[in-house]
Amino acid sequence: MPQRIVITGIGLTSPIGDDLPALRKNLLEANGGVTTMTPRYMDEWPAGICTFPVGKHQSRKDARRGTRAGQVAIYCGREAILDAGIDLEAADRSRYGVFVGTTEHGNVETENEVAVIKEYDYDVKYWSHHHNPRSISNNPAGELCLNAGITGPHCCVGAACAAGNYGIIYGAHQLMLGEVDVAVAGGVSESIHTFGIFASFLAQNALAPVGDDPKRASRPFDVSRHGIVISEGGCLYILERLEDAKRRGAKIHAELLGWAVNTDATDFVLPNPERQAEAMRLAIRRAGLTPADIDIISAHATSTPEGDPKEVEAIRAVFGDAAPYVNAAKGYYGHAMGAAGALELAGNLPAFDDGMIHPAINITELDPKCALPGLVVNQAVKADRPIRTILNNSFGMLGINAVTVVGKYEE
C-alpha cells in the first residue's frame, strides 16, 4: 500500500454489546444474543435487536425526526470519535469525512408511511414531510455529519452484505487521495425494522425459523442450518494516515494492510467461490503477504445451505494446506447486513493483544462440506502463535465481494 492507514477509534452496537469490551466478552464466552420479534404482517421470527442508549448522543427531537439507521450511525460514530481521543470542538471538521456501508436504506421509512396512510384510506396528505430526508441513500452518513458538525464529504456505500468492509475501504481511499485527514468509516443496519426483508428471505427459503431456542437459530457450518437471522447493528472506525495518528499521539488498534473488491457477475443471489477466492488472493497480495501469513480468517458464514459451503470452497482454494484459525460471528447475533463485516472485524481485533480466538457457535454437527482444519468450534481457544494478521470476508447479493486484511500495528 502506498500509505499506511491505521484504526484509531472503534464505536459499535450489536445485540451482544454496545462497545468492544462487551462484544468481545460475549464472543469469547460463546454467549449468543438472538431473540424474537414479530414484523408487520408476519409471524414471530428470530432477530438480533440492539439496545444502545439512543439519547447518549442525540436529542429526543432529532431521534424522532431521523431514522433508526441514523441513530445507529450517530451512536457508533460518536463512540468511535471518543475512543480515538478526538476533541471535535477543536478539530477542523472540514477535513473529516463519513463513509457508511449500507445494505439498503429507505425501505423502513417507506413501509412506515404506507402503514400510516392506510389508516386514512391512503390519503397522502398524511404522508410525512420528513420522508424524503429519511429515505435518501446517504441518510445515515448525513445524520452523523449533522449531529457531529462534520463538514467534509459524506456518503453511504451500497454494497449489499459486503458494505461494512466496503465502507472501511472507501474511507481508506479518501485518506490516500488526500480528500480527508480523518475518515469515519464502516457500516450500519436497521434491517429488522422492515418487514420486506423478512418476507423476501422467507420467499427464498433462506430465513431461519424460531425453533426451540432463538439463540440457536443461526448456526453457520452446522449440517442442520436453515438460513439467515436478520439483525440490526453498526460499527464505525476512525481511520487515519499513520503519520497523522502518530503526530497526535493516538492509540492505534490495528493497521489496514490490504483489501480487494470484485464482482461475481454470475447470479443475483448465489455466490461464486472462484470470484471469492480471487478477492481473498488480491487482498493478501496487496497487503504484501502470502496465505501462510494469515493468522485468522473471519468468515462471512451466513448460515445458509448454499452460502457456507461455497465460502469454505473458496477458502480451501486460497489456503490449501495452510491452516489459519477460522471463526464466524453470525451465530451470536445473526446477520447484521450492512454492518456485518465491520462488526465481525471488530470482534477479532483484540486477538492481537490477548491471543484468543472466539469460536463459531451453535455447531452440533459440523457439515463435512464446511470442514476446515483451523475452524474454531463452540469454545474459544488460545492461539499457538502470536496473532499478527486477520483476513475479513464479506460477500453480498449481486455478487459483490469485499475482503480486508488487517494487521497488528508495528513500527
Side-chain angles (χ1 to χ4, degrees), residues 101 103 159-166 168-169 206 218-223 225 227-228 257-287 289-331 335 337 340-345 347-348 357 359-360 363 366-377 389-406:
T103 298
C161 299
N165 261 353
Y166 212 156
I168 296 168
I169 294 166
S218 178
R219 39 186 185 270
F221 305 132
D222 190 81
V223 71
R225 65 192 180 280
I228 286 172
L257 299 177
W259 56 76
V261 181
N262 72 356
T263 305
D264 293 347
T266 51
D267 194 88
F268 273 72
V269 177
L270 295 176
N272 183 325
E274 185 179 351
R275 298 287 89 75
Q276 292 178 348
E278 286 178 358
M280 284 185 267
R281 289 191 186 101
L282 181 55
I284 293 168
R285 187 165 69 247
R286 285 176 171 169
L289 303 173
T290 70
D293 295 317
I294 299 298
D295 295 310
I296 299 174
I297 299 172
S298 175
H300 186 60
T302 58
S303 188
T304 55
E306 292 288 339
D308 290 5
K310 295 291 187 184
E311 181 178 8
V312 168
E313 181 182 340
I315 291 171
R316 288 172 180 157
V318 174
F319 289 89
D321 294 331
Y325 293 102
V326 181
N327 61 15
K330 291 184 178 69
H335 193 339
M337 305 295 166
L343 266 175
E344 290 157 14
L345 175 62
N348 275 306
I357 317 297
I363 300 175
L366 180 64
D367 185 344
K369 295 179 182 177
C370 298
L372 288 164
L375 183 63
V376 181
V377 176
T389 57
I390 299 166
L391 181 141
N392 191 47
N393 280 342
S394 287
F395 311 125
M397 288 186 181
L398 293 172
I400 183 71
N401 306 311
V403 178
T404 51
V405 178
V406 174

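Values reported hereafter were calculated over all heavy atoms of this structure, with side chains retained and with hydrogens, waters and symmetry mates removed.
- Arg225 has its side chain out of reach of Thr304: every pair of non-hydrogen atoms, C-beta onward, lies at least 4.5 Å apart.
- Heavy atoms only, all atoms of each residue included: Ile297 and Pro324 are closest at CD1-CG, 3.5 Å.
- For the atom pair OG1 (Thr302) and CG (Asp308), the distance works out to 5.0 Å, reported to the nearest 0.5 Å.
- Counting heavy atoms from C-beta on, the side chains of Thr389 and Ile296 never come closer than 4.5 Å.
- A donor-acceptor contact shorter than 3.5 Å links the side chain of Lys330 to the backbone of His300.
- Pro271 and Gly307 make their closest contact through CG-CA, 4.1 Å (heavy atoms, listed as atom of the first residue, atom of the second, distance).
- Between the side chains of Asn393 and Glu311, at least one donor N or O sits under 3.5 Å from an acceptor N or O.
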Test log, rule salt bridge (Lys or Arg N to Asp or Glu O under 4.0 Å), inputs Glu278 and Arg281 = CA-CA 5 Å; Glu278 286 178 358; Arg281 289 191 186 101; over 6 Å; no

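- With contacts defined as side-chain heavy-atom distances shorter than 4.5 Å, the pair Val376/Val326 does not qualify.
- Under a 3.5 Å cut-off, the side chain of Asp264 and the backbone N or O of Asn272 do form a donor-acceptor pair.
- With hydrogens and angles ignored, the 3.5 Å screen pairs no side-chain donor or acceptor of Asp222 with any backbone N or O of Arg219.
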inquiry  = Applying side chain to side chain contact (heavy atoms under 4.5 Å, CB included) to Ile363 and Phe221, what does each step give before you reach the verdict?
reply    = CA-CA 7 Å; Ile363 300 175; Phe221 305 132; 4.1 Å; yes

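- Residues Tyr166 and Ile400 are in side-chain contact: their nearest non-hydrogen atoms beyond the backbone lie under 4.5 Å apart.
- Here the straight-line distance linking atom CD of Glu306 with atom NZ of Lys369 works out to 8.0 Å at 0.5 Å rounding.
- Heavy atoms only, all atoms of each residue included: Ala299 and Glu344 are closest at O-OE1, 3.9 Å.
- Residues Tyr325 and Ile390 fail the side-chain proximity criterion, which asks for heavy atoms closer than 4.5 Å.
- Taking the side chain as every heavy atom from C-beta outward, Leu345 and Ile168 approach each other to under 4.5 Å.
- Between the side chain of Arg286 and the backbone N or O of Trp259 there is at least one donor-acceptor pair closer than 3.5 Å.
- The main-chain N or O of Ala162 is never found under 3.5 Å from a side-chain atom of Ser394 such that the two would form a donor-acceptor pair.
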request  = For side chain to side chain contact (heavy atoms under 4.5 Å, CB included), just list the numbers for His335 and Cys161, CA-CA rounded to whole Å, side-chain angles, deciding distance to a tenth of an Å, and then say yes or no.
outcome  = CA-CA 9 Å; His335 193 339; Cys161 299; 3.3 Å; yes

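- A pairwise comparison of heavy atoms in Pro220 and Ala301 identifies CG-O, 3.5 Å as the closest pair.
- Counting only heavy atoms from C-beta outward, the side chains of Leu366 and Leu375 approach each other to under 4.5 Å.
- Checked by atom type and distance alone, the side chain of Asn401 never pairs as donor or acceptor with a backbone atom of Gly396 at under 3.5 Å.
- Residues Lys310 and Pro273 approach most closely at O-CB, 3.3 Å, considering heavy atoms.
- Taking every heavy atom of both residues into account, Asn327 and Pro359 meet most closely at CB-C, 4.2 Å.
- The local environment of CZ in Phe395 is crowded, with over 12 non-hydrogen atoms from other residues, nucleotides or ligands closer than 6.0 Å.
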task = Determine, step by step, whether Leu289 and Leu257 satisfy the side chain to side chain contact (heavy atoms under 4.5 Å, CB included) criterion, reporting the C-alpha distance in whole Å, the side-chain angles of both residues, the deciding distance to 0.1 Å, and the verdict.
result = CA-CA 9 Å; Leu289 303 173; Leu257 299 177; 4.2 Å; yes

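- To the nearest 0.5 Å, atoms CD1 (Ile315) and CG (Leu391) are separated by 8.0 Å.
- A side-chain donor-acceptor contact under 3.5 Å links Asn165 to the backbone of Asn392.
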